[in-house]
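Because the structure is a prediction, the values reported are computed rather than measured. Every chain is numbered from 1, with letters handed out A, B, ... down the list of sequences.
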Amino acid sequence: MLNRGYYDGFGGAYLPEILVATFDELEKVFLEAKNDPDFWQNYENLMSTYSCRPTPITFAENLSRYFGGPRIYIKREDLNHTGAHKANNVMGQGLLVKRMNKTRVIAETGAGQHGVATATMAAKFGFDCTIYMGEVDVERQRPNVFWMERLGAEVIPVKEGTRILKDAINEAFRDWVTHMDTTHYVLGTACGPHPFPEMVTYFQSIIGKEARKQMMESQGRLPTRIYACVGGGSNALGIFSGFLHDPAVELVGVEAGGKGLDTGEHASRLCSEDAAVGVAQGYKTYFLQNHEGQMKETHSIAAGLDYVGVSPILSHLKETGRVRFEAATDDEVVAATALTIRKEGVIPALESAHAFAQAFREASKLSHDDIILINQSGRGDKDIFTVADAFNDPKWQQFIIEKAKKYHA
Amino acid sequence: MLNRGYYDGFGGAYLPEILVATFDELEKVFLEAKNDPDFWQNYENLMSTYSCRPTPITFAENLSRYFGGPRIYIKREDLNHTGAHKANNVMGQGLLVKRMNKTRVIAETGAGQHGVATATMAAKFGFDCTIYMGEVDVERQRPNVFWMERLGAEVIPVKEGTRILKDAINEAFRDWVTHMDTTHYVLGTACGPHPFPEMVTYFQSIIGKEARKQMMESQGRLPTRIYACVGGGSNALGIFSGFLHDPAVELVGVEAGGKGLDTGEHASRLCSEDAAVGVAQGYKTYFLQNHEGQMKETHSIAAGLDYVGVSPILSHLKETGRVRFEAATDDEVVAATALTIRKEGVIPALESAHAFAQAFREASKLSHDDIILINQSGRGDKDIFTVADAFNDPKWQQFIIEKAKKYHA
Amino acid sequence: MLEKYLKNRLKEKKILLMTHIVLGYPSFEEGFQIVESMVEAGVDLMELQIPFSEPIADGPVILRANQSALANGVTVKKCLEFAGDVAKKFPIPFLVMTYYNILFQYGLDRFAGVMAKNDIKGAIVPDLPPEEGKEYLDAMAGHDRCPIFIFSPTTPLERMKYIASHGNGFIYCVARKGVTGADTDFSSDLHSYLARCRQATNLPLALGFGVKDKNDIDFLTGQVDIAVIGTQTIRLVEKEGVGSVGPFISGLR
Amino acid sequence: MLEKYLKNRLKEKKILLMTHIVLGYPSFEEGFQIVESMVEAGVDLMELQIPFSEPIADGPVILRANQSALANGVTVKKCLEFAGDVAKKFPIPFLVMTYYNILFQYGLDRFAGVMAKNDIKGAIVPDLPPEEGKEYLDAMAGHDRCPIFIFSPTTPLERMKYIASHGNGFIYCVARKGVTGADTDFSSDLHSYLARCRQATNLPLALGFGVKDKNDIDFLTGQVDIAVIGTQTIRLVEKEGVGSVGPFISGLR
Ligand SMILES: Cc1ncc(COP(=O)(O)O)c(C=O)c1O
Ligand SMILES: Cc1ncc(COP(=O)(O)O)c(C=O)c1O
């Protein structure tokens, strides 16, 4: 019996039989690409001419001074085309789609980031594109839907289940089992059945590769700690993977603490009692589920972290202790966002701000000799509707009310 | 009599006496910086660690195929931190502010781009910051106001005059004549009294320097034509300045044709009969004015091009014939935006889309051997309210109406 | 044991019928009535689906039935009790169908044990290919229950053989790509697929996905051993009530 | 000629008063009445501001007056006619004050010519430093009109001398940083600035920006030759009407 894609018992490929052949093909093409010395080079070229890789690391001088402890650096994935690290993954998978001679891509999206990224890749590569998005998210994230449609994608509101991200994933699988001959499913994070966790991590590892080189070049040494937020786990694995074999570098993954771990309204799978190992959406990992195995509702101020599962590779790294996991609450995240904007003039996505929040909590305990590296996985200005609500800005609300009046007239 | 900052009769420094000393100091510090070999190096370092310079040039393969003519390349200023070329100018001026030991910056803003960029620079450098913005623009561009406030800037709605960009400039000057000891006015484009046109062009020339090098490296040759939109002229001068001494490279500046040059509702100063040479806001150039010298109201779908004056350096380059000027109408711009998004997965700002529109109009007349370079000065996703209105998207309107209902409740 | 029952039964009938319900949908009471009418109408075996929050292989109709059952508070515990009740009461074999996480959380050995105790003959777990099922297979074998595995039109012969080597009772052949509940084109295209299935195993073959009326059953007769009626009865109950199930089933064969 | 008039007048009065109106604001008729009352109340010279759409050196009160006049359709042509009318009618010197673009579009020589024809003695153009004013200076000289230049507290002595070398009639000293209409702190801080102004030129010195009542005038008496009342009369007219101007001016000295 052939067990594929396991990380100490996490992962695997719990597939409906109809998809097994498709995954076999995907794995084969991925492995070929990975072993083709030109492939990574092409990928890097694409990312450096279509997006702006290497993304810089920025010294956060004011924040460093503010906390009085370590020097704080920020890896700037927010500068990517489409505004987040999601671009790395979709463009990489786009290259594989070409290798497979498929002509259509589908994807799930929660916040809309991955949907916009996929629609962008599809426009660039000339693929047809369908995006599945929970109906609740379609309503919340209209700006992203607007852009996906402009990019030529069909956005299908998923009216089943809790009508959010996990339901969009299920729906995308349902499309795939019907159309796998022409269609590739561009999964948005390092989750799902093998080879997705490995493949998405592979593409996102460009973050860590660059960051390690940049730290060595600019500082002559590696950071003491690295912080990344953890939704599905792709940005975290992306940056961590550059430092996994540097035992002195402490890796910290930050989950969505929502309203607090003890309220049940959170999305913390790796540091809360509400999660347990299970199998869903094709892979084995920690899921937020009840004792009978039904998935729970989750909550986070950051739509991109609001997911029941987590990368099996991270579950594994939790068990081995190589990565420490923490959770930041919505309130801490809003405060960290405000402080970062004010002090450094960069606007982290609410997702990314989880990493900042945890780093800030720990910063003053480190010394001047330490270096902290925070992965700013995306920019927050795309999410103005969410951020303005998080800040509860009355002038924004008035603006929207006035705007609505004009549309009524 | 000392005439400073003239370009064949355009430019100069028509200053209230109270500001003369301030401009003398600014000019001195600027010239010192320019002659300091470290300064440009520091500037480049800043832009490569805080923003993501060099910004790439992207081959627009699909658009090239679509038009069947020349190869089309896009210079990606949209990938800059804060989303436009405006970052180049503000960060450069920020370095000068530090050299002058001033502690406060002020700026005008129309669309909000330059205001956000300045507020960002101020946060980064730790300056106090006041942004003047016409009341009409404050209402239209609330998202940018929201971000400026988060960045710590005070945004002052200007209730005088036509309550748009030019009035904000006047108001900023009024602040400056009061607070010049502590305050630097970060003008947003290559306009205004000397040394602003030269200085802003100097900082923006980073675009052209990079682009020339990138074209030579990737194509082994220079482009046939370069297109840039022209508001005040800074992004156009930025890219053009890398090629001014390459006579074979045709340079095309594209103004806002608004509803058509014959309707009076446009902002075309260099290719319409409605403009004449005059002096206002401290410098001599073509202005949209009536025969008695009163400034006219202007119109463009792109707030950033909606300005009565234009860089004196561009007026000069128009007279010498080195740059050709054209105008693109609102409708052409919306169509060019839609096509670019759909074909390439990049979202040009409505300003930048003027350059695309003109390039598209001319593309099919060029041959396969030709190369076109378009300066994508900024990204359009910041302007979703304007773009959604330009596309008249009913689902967007419904979303805003629903959102407003929630705020009412 | 299940295989033997089926082969015996096939001596009397040209094709067997397997039907499907989602447990607790619309309610356990109605479910009981449905089972009763199905058995009376001559159904040969039944799959009882334990609802799961992420039924990835199911189409909209069954998906909504899953959700609705869960929203009504249906638990795995109650489902297993219900399965035990009908297995005791009615003289045909019953199987559970559900997703792997339900078994996994329950404990694989414990789950197989309850099945044995309640006389549930086997299980269909659509997201568990044999590669991932070692523990499951051991548990099922330990309690003498049948793991029903799945063939699909995209499964090559070699893999079919591999799958069949782990299966027991019968093989569930999905008729086409896609999820449950969509139309299937019952045409000669199916022939070569079914021939391949036959070549791969001696286990009885069931065919499901899109079987909805007498025409389909007639078409399948002689080609497979069992026709599976899934979504169609749920649609029927939703539209015409529990009472319509009996006549519908009786009219199929 | 203007300088001579001022110096003569200064033999009679310790300090002269220059007042200011925005032409066409609130209307030409009311403007005429204001001029009349000012002259009757003993004003020694007046600046008549031709409205401009971008009055960069003016504060909110005069700015709004400019806009309101333009919105009412006031043109440069009408302003010059009005200036000619009052110059003919009233026995004091009148100056125009406006921004450079107004002269530039009109044609510098033509503008100076009309000034001469209408007996306007000179012009104050706050956005035209002498460096930029060659053509203007030539035109003014050609028509024997006075270009009034401006000193500011930030102007060093050397530059004051340079500026004065191009000025004629008098020098307009702005009292402080900022635009018209804000408060000025008339305190000993002004002394050294005014001493520097004196040192730079023999031309009479006017001081403007923030002069608003008898106290201010008393303070300035002996230090400068002319006190300029600008914004304050516009505020007065807006609040208390045209009739209040005469008594206000009479009470200043
Ligand atoms: C900006 C940003 N950061 C982080 C995430 C979380 O995903 P992951 O954990 O895969 O990086 C998302 C998901 O949408 C995102 O948009
Ligand atoms: C994206 C963008 N492009 C162009 C412009 C026009 O300015 P300029 O002509 O100085 O480049 C603006 C001004 O706001 C802008 O935001």
> Among D:L70, D:L128, D:V76, D:I163, who wins on heavy-atom pairs under 4.5 Å with chain B?
Replying inline: D:V76

>> What part of D:P51 gets within 4.5 angstrom of chain B, counting heavy atoms only: side chain, backbone, both, or neither?
In response: backbone

>> Please classify the contact of D:L103 with chain B as side chain, backbone, both or neither, using a heavy-atom distance under 4.5 Å.
In response: neither

>> Within the 3.5 Å criterion, strictly below it, is a donor on B:S268 or B:E255 matched to an acceptor on the partner's side chain?
In response: yes

>> For B:F10 together with B:Y283, are the ring centres under 6.0 Å from each other?
In response: no

> Between B:E139 and B:R163, is the closest basic N to carboxylate O distance under 4.0 Å?
Replying inline: no

>> Please determine whether a side-chain nitrogen of the Lys or Arg among D:D183 and D:R176 lies less than 4.0 Å from a carboxylate oxygen of the Asp or Glu.
In response: no

>> Counting C-beta onward and ignoring hydrogens, is there a side-chain heavy-atom pair between D:V174 and D:F151 closer than 4.5 Å?
In response: no

> Hey, which residues of residues 141-150 of chain D are touching chain B, say heavy atoms under 4.5 Å apart?
Replying inline: D:I150

>> Between B:E25 and B:K102, does any side-chain N to carboxylate O distance fall below 4.0 Å?
In response: yes

> Where on D:I56 is there a heavy atom nearer than 4.5 Å to chain B: the side chain, the backbone, both, or neither?
Replying inline: both

> Is the gap between the ring centers of B:F23 and B:F196 under 6.0 Å?
Replying inline: yes

>> With a 4.5 angstrom heavy-atom cut-off, is it the side chain or the backbone of D:P126 that approaches chain B, or both, or neither?
In response: backbone

> Quick one: what part of D:F104 sits under 4.5 Å from any heavy atom of chain B, side chain, backbone, both or neither?
Replying inline: side chain

> Less than 4.5 Å apart, any side-chain heavy atom of B:K166 and any of B:E108?
Replying inline: no

> Can you say whether D:Q67 sits under 4.5 Å from chain B via the side chain, the backbone, both, or neither, judging by heavy atoms?
Replying inline: side chain

> Under 6.0 Å between ring centres, would you say that holds for B:Y132 and B:W176?
Replying inline: no

> Do D:R159's NZ or CZ and the ring of D:Y162 fall within the cation-pi criteria of under 6.0 Å and 45°?
Replying inline: no

>> Tell me which of these, D:T155, D:N66, D:T75, D:I102, has more heavy-atom pairs under 4.5 Å with chain B than the rest.
In response: D:T75

> B:Q289, B:H291, B:M180: which one forms the most heavy-atom pairs within less than 4.5 Å of chain D?
Replying inline: B:Q289

> Which answer fits B:K159, side chain, backbone, both or neither, if we ask what part of it has an atom under 4.5 Å from a heavy atom of chain D?
Replying inline: neither

>> Counting only non-hydrogen atoms closer than 4.5 Å, does D:D58 touch chain B with its backbone (N, CA, C, O), its side chain (CB onward), both, or neither?
In response: backbone

> Going by heavy atoms in the side chains, are D:E3 and D:P204 under 4.5 Å from each other?
Replying inline: yes

> Are any of the side-chain heavy atoms of D:Q49 and D:I21 separated by less than 4.5 Å?
Replying inline: no

>> Quick check for you: among B:D181, B:L19, B:N290, B:D175, which has the greatest number of heavy-atom pairs under 4.5 Å with chain D?
In response: B:D181

> With a 4.5 angstrom heavy-atom cut-off, which part of B:V277 approaches chain D: side chain, backbone, both or neither?
Replying inline: both

>> Among D:F52, D:Y99, D:Y106, which residue has the highest count of heavy-atom pairs closer than 4.5 Å to chain B?
In response: D:F52

> In terms of ring plane angle, is the pair B:Y14 and B:Y6 parallel, tilted or perpendicular, where the classes change at 30° and 60°?
Replying inline: perpendicular

